Amino acid sequence: MNLYQPHLVRVADVVDETTDTRTLRLEFKDPSLAEGFDFRAGQFGEYSVFGAGECTFCIASPPTRKGYIECTFKAVGKATNALRGLGVGDTMGFRGPYGNHFPLDRMEGASIVFIAGGIGLAPVRCVIWNVLDQRDRFKDVTIVYGARTVGDLVYKHELEDWAARADVRLWQTVDPGGQTPDWPGEVGFVPAIVEKAAPAADNAYAVVCGPPIMIKFTLPVLAKLGFPPERVYTTLENRMKCGLGKCGRCNVGPVYVCKDGPVFTAAELAQLPAEF
Ligand SMILES: Cc1cc2nc3c(=O)[nH]c(=O)nc-3n(C[C@H](O)[C@H](O)[C@H](O)COP(=O)(O)OP(=O)(O)OC[C@H]3O[C@@H](n4cnc5c(N)ncnc54)[C@H](O)[C@@H]3O)c2cc1C
Ligand code: FES
């Protein structure tokens, strides 16, 4: 079997999250895959538009919801703009799942704080729903999510769901100047809101994803709150081509982000070459 041959998937739903960010729900055309496709939270895939190319996205829906997968993407170039041209009923390609995953088995019985910025909520959303669909397995759930402006928040309906739940602590924030007059959330950068939320580090893990600058300033806050770097997980978005350890496009020193990652602990990131 050709490793690069994609599975055919049908666009089953299209949701515009913001003016430039869209979510596609995809259903496998092969009935055995539709039923049997399995993956772990944090894994990614290569999504293709025939004649235009492939692009790498996380799987944004949780493995606990069967029969479909979802991706959320921003149109930035050739393949992603071609993807924006697709509508419900169109056929495209998907290959995967690839990469490692967030170790939810290890996190069982612990509290989890999810921290995301902008479209970085896509991979984190997969883990959040996985955890909420198996809520009894975990202790406290805290979510800190920020975007530049209110209009840039993705998954707005799901943010409402999480805000309404008694078993989730949700902190939403926008950058200074990004608020609307009726904005009920916080105003400030994500690291400052994490400090204000002050989730307990005792028997807890953190899952962080967002722009590099957000991650850079959030890690010291988590360290200050007492989270050891071995319990802080993030996911990287290096440029990739094959997705399965063959082309060498994604490597950082000895590490292939597509195979050894994309999920790494803060302790592992600290070991990567300095230019990273
Ligand atoms: C594991 C992983 C998960 C990802 N998950 C998502 C996701 O859920 N949603 C999403 O929108 N994007 C995600 N990305 C980024 C996404 O792969 C790229 O934005 C996409 O492939 C661009 O394809 P393109 O052909 O449209 O852009 P191109 O025409 O190839 O490039 C357009 C511009 O985008 C830049 N660019 C392309 N790829 C990347 C990248 N990986 N990082 C930074 N800049 C890039 C290029 O340098 C160029 O400036 C992920 C990347 C990885 C590796
Ligand atoms: S993307 Fe080809 S080796 Fe990682």
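Numbering of ligands and ligand atoms starts at 1, following listing order. Note that the structure is predicted; figures quoted are calculated from it, not measured.
For ligand 1, the polar-atom distance check finds no N/O of P123 at less than 3.5 Å from any of the ligand's N/O atoms. Where the criterion is an N or O separation shorter than 3.5 Å, residue side chain and backbone included, E54 fails it with respect to ligand 1. By the 3.5 Å distance cut-off applied to N or O atoms, N81 is not counted among the residues near ligand 1.
Ranking protein heavy atoms by distance to atom 20 (C) of ligand 1, first place goes to C55 CB, 3.8 Å. Among all non-hydrogen protein atoms, the one lying nearest atom 25 (O) of ligand 1 is A79 N, 2.9 Å. For atom 3 (S) of ligand 2, the closest heavy atom belonging to the protein is G248 N, 3.2 Å. Among protein heavy atoms, atom 34 (O) of ligand 1 sits closest to V76 CG2, 3.7 Å. Looking only at protein heavy atoms, the nearest one to atom 27 (O) of ligand 1 is G77 CA, 3.5 Å. Nearest protein heavy-atom contact of atom 12 (N) of ligand 1 is F57 CD2, 3.6 Å. Here the protein heavy atom with the shortest distance to atom 44 (N) of ligand 1 is R239 CD, 4.5 Å. Of the protein's non-hydrogen atoms, K78 N, 3.0 Å is the one closest to atom 29 (O) of ligand 1. Scanning all protein heavy atoms for the shortest distance to atom 17 (O) of ligand 1 gives T56 O, 2.5 Å.
Short contacts between ligand 2 and Y256, defined as distances under 4.0 Å to a heavy atom of the residue, involve ligand atoms 3 (S). Atoms of ligand 1 found under 4.0 Å from any heavy atom of K74, numbered from 1 in the order shown, are 11 (O). Of all atoms in ligand 2, listed by their number and element, those nearer than 4.0 Å to a heavy atom of K241 are 1 (S). Of all the atoms in ligand 1, the ones that sit under 4.0 Å from a non-hydrogen atom of N238 are 41 (N), 53 (C). Interface of G245 with ligand 2, defined as ligand atoms under 4.0 Å from a residue heavy atom, comprises 3 (S). Listed by atom number, the atoms of ligand 1 under 4.0 Å from L236 heavy atoms are 1 (C). For ligand 1, the atoms sitting less than 4.0 Å from at least one non-hydrogen atom of F73 are 9 (N), 10 (C), 11 (O), numbered in the order shown with element in parentheses. Using a 4.0 Å cut-off to heavy atoms of K246, the atoms of ligand 2 that qualify are 3 (S). Which parts of ligand 1 touch T72 is read off a 4.0 Å heavy-atom cut-off, strictly below it: atoms 7 (C), 8 (O), 9 (N), 10 (C), 11 (O). Shown in contact with M240 at under 4.0 Å from a heavy atom are these atoms of ligand 1, numbered in order with element: 1 (C), 53 (C).
Heavy atoms from both the backbone and the side chain of E237 come within less than 4.0 Å of ligand 1. For V257, no heavy-atom contact with ligand 1 is shorter than 4.0 Å. Residue T235 does not touch ligand 1, judged by heavy-atom distances below 4.0 Å.
Residues E54 and K241 are not paired through a salt bridge, judged by the lack of any N-O separation under 4.0 Å between the basic side chain and the carboxylate. The pair D38-K66 meets the salt-bridge criterion, since a charged nitrogen lies less than 4.0 angstrom from a carboxylate oxygen. One finds no salt bridge joining R148 and D175 here, because no Lys/Arg side-chain nitrogen approaches an Asp/Glu carboxylate oxygen to under 4.0 Å. In summary, R135 and D167 engage in a salt bridge, as defined by a charged side-chain N under 4.0 Å from a carboxylate O. With respect to the salt-bridge test (charged N to carboxylate O, under 4.0 angstrom), the residues E70 and R125 qualify. The residues D105 and R40 are annotated as salt-bridged, a charged nitrogen and a carboxylate oxygen being separated by less than 4.0 angstrom.
For atom 4 (Fe) of ligand 2, the nearest non-hydrogen atom from the set G243, G99, C250, G261 belongs to C250. Around atom 26 (O) of ligand 1, the closest heavy atom drawn from T23, I59, T80, T21 belongs to T80.
A75 and R84 get closest at one heavy-atom pair: CB-CD, 3.4 Å.
Here the straight-line distance linking atom CZ of R25 with atom CZ of R65 works out to 8.5 Å at 0.5 Å rounding. In this structure, SG in C58 is found 12.5 Å from CZ in F73, a value given to the nearest 0.5 Å. Summarising the geometry, atom CG belonging to N81 is positioned 12.5 Å from atom NZ belonging to K74; distances are rounded to the nearest 0.5 Å. For the atom pair CZ (F37) and OG (S32), the distance works out to 12.0 Å, reported to the nearest 0.5 Å.
In this structure, atom 48 (C) of ligand 1 is not in close contact with the protein, since no protein heavy atom lies within 4.0 Å of it. At a distance under 4.0 Å, a protein heavy atom can be found next to atom 4 (C) of ligand 1.
Using a 4.0 Å heavy-atom cutoff, C58 is listed among the residues neighbouring ligand 1.
Contact annotation: C242 places an N, O or S atom under 2.8 Å from atom 2 (Fe) of ligand 2. Taking backbone and side-chain atoms together, C247 has an N/O/S atom less than 2.8 Å away from atom 2 (Fe) of ligand 2.
Checking E17 against T23 by side-chain atom types alone, a donor-acceptor pair falls below 3.5 Å. Residues Y47 and T56 have side chains that never bring a donor and an acceptor to within less than 3.5 angstrom of each other. Side chains of E230 and T265: no donor on one and acceptor on the other come within 3.5 Å.
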Could you go step by step and tell me if W129 and E158 meet the side chain to side chain donor-acceptor pair (under 3.5 Å) rule? CA-CA 10 Å; W129 279 123; E158 293 169 48; 2.6 Å; yes
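Using a 30° and 60° split on the angle between ring planes, F102 and Y233 fall in the perpendicular class, above 60°.
At least one donor-acceptor pair closer than 3.5 Å links the side chain of S111 to the backbone N or O of D140. The backbone N or O of L86 lies less than 3.5 Å from no partner atom in the side chain of D90, so there is not a single donor-acceptor pair.
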